[in-house]
Amino acid sequence: QVQLVESGGGLVQAEGSLRLSCAASGSISSINVMAWYRQAPGKQRDLVANISPGGRTNYADSVKGRFTISRDNAKNTVYLQMNSLKPEDTAIYYCATYLLDPFNTKGPYWGQGTQVTVSS
């Protein structure tokens, strides 16, 4: 069983910054992709960013240049540094992981989510 524990959400003013953290534990391999998703009320859950075991990153167009995803493989922890926040970034942010295997990729496994609210 994989467990993901998030922290760092909260209320911030527009143009401000927040850093989210997500620590994975349980039956998790060090060889994994970690990701952040977000979901606003009434909307679908969308990928924000992900990062490979080797540190390759991908970002949604809406956050490119503002958000940075990083990881600490020894701690199985992923971070999302969010700068220049906008009200439209308001959402529940979920971390997720995919466990990589030569024959099968398992996941996604989800965290419980953390609320990010950006005021105007």
Side-chain angles (χ1 to χ4, degrees):
Q1 184 176 353
V2 175
Q3 295 177 322
L4 301 173
V5 180
E6 302 171 331
S7 62
L11 176 65
V12 66
Q13 293 179 318
E15 305 302 321
S17 298
L18 283 174
R19 187 186 70 179
L20 306 182
S21 300
C22 177
S25 62
S27 58
I28 186 170
S29 170
S30 296
I31 310 302
N32 61 74
V33 172
M34 301 196 78
W36 289 96
Y37 292 74
R38 66 186 181 186
Q39 186 170 24
K43 298 182 179 179
Q44 68 179 25
R45 186 175 300 184
D46 292 325
L47 177 69
V48 176
N50 61 25
I51 184 166
S52 75
R56 283 176 276 105
T57 60
N58 293 285
Y59 297 92
D61 288 342
S62 59
V63 306
K64 286 181 180 177
R66 300 189 296 122
F67 291 10
T68 302
I69 188 170
S70 62
R71 66 186 297 156
D72 183 335
N73 288 336
K75 298 182 181 297
N76 284 320
T77 299
V78 63
Y79 306 93
L80 185 67
Q81 178 66 47
M82 303 184 293
N83 299 326
S84 301
L85 282 161
K86 304 174 180 179
E88 51 262 45
D89 294 318
T90 295
I92 301 174
Y93 283 70
Y94 299 89
C95 65
T97 189
Y98 302 79
L99 307 184
L100 304 182
D101 182 87
F103 301 99
N104 180 248
T105 296
K106 301 178 181 179
Y109 300 93
W110 298 98
Q112 295 298 309
T114 184
Q115 178 70 47
V116 172
T117 302
V118 184
S119 65
S120 60

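Scope of the values below: all heavy atoms of this structure, side chains included, with no hydrogens, waters or symmetry mates.
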Flag if over 12 foreign heavy atoms under 6.0 Å of CD, Gln112:
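Not more than 12 within 6.0 Å, no.
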Mark yes when over 12 heavy atoms from residues, nucleotides or ligands other than Glu88 sit less than 6.0 Å from its CD; otherwise mark no.
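Above 12, so yes.
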Shared ILVMFWY cluster between Val118 and Met82, side chains joined below 4.5 angstrom?
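Yes, it is one cluster - the side chains of Val118 and Met82 are joined through contacts under 4.5 Å.
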Gap separating the [atom1] atom of [X] from the [atom2] atom of [Y], nearest 0.5 angstrom:
{"X": "Ser52", "Y": "Asn32", "atom1": "OG", "atom2": "CG", "value": "10.0 Å"}
{"X": "Lys106", "Y": "Ser27", "atom1": "NZ", "atom2": "OG", "value": "7.5 Å"}
{"X": "Trp36", "Y": "Asn50", "atom1": "CH2", "atom2": "CG", "value": "13.0 Å"}
{"X": "Cys22", "Y": "Gln3", "atom1": "SG", "atom2": "CD", "value": "11.5 Å"}
{"X": "Leu80", "Y": "Met34", "atom1": "CG", "atom2": "CE", "value": "12.0 Å"}

Any donor and acceptor pair, going by atom type alone, linking the side chain of [X] with main-chain N or O of [Y] inside 3.5 Å?
{"X": "Tyr59", "Y": "Ile69", "answer": "yes"}
{"X": "Thr97", "Y": "Val33", "answer": "yes"}
{"X": "Glu6", "Y": "Cys95", "answer": "yes"}

For Gly8 against Leu18, the heavy-atom pair lying closest together
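Minimum heavy-atom contact is O-CD2, 3.8 Å.
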Given salt bridge (charged side-chain N to carboxylate O under 4.0 Å, His left out), test Asp89 with Lys86 step by step and report yes or no.
CA-CA 5 Å; Asp89 294 318; Lys86 304 174 180 179; over 6 Å; no
Would Asn73 and Arg71 count as having a side-chain donor-acceptor pair, cut-off 3.5 Å?
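Side-chain D/A pair, Asn73 to Arg71: present.
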Can you tell me how the ring of Tyr93 sits relative to the ring of Phe67, calling it parallel under 30°, perpendicular over 60° and tilted otherwise?
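Taking Phe67 first and then Tyr93, their aromatic rings sit tilted (interplane angle of 30° to 60°).
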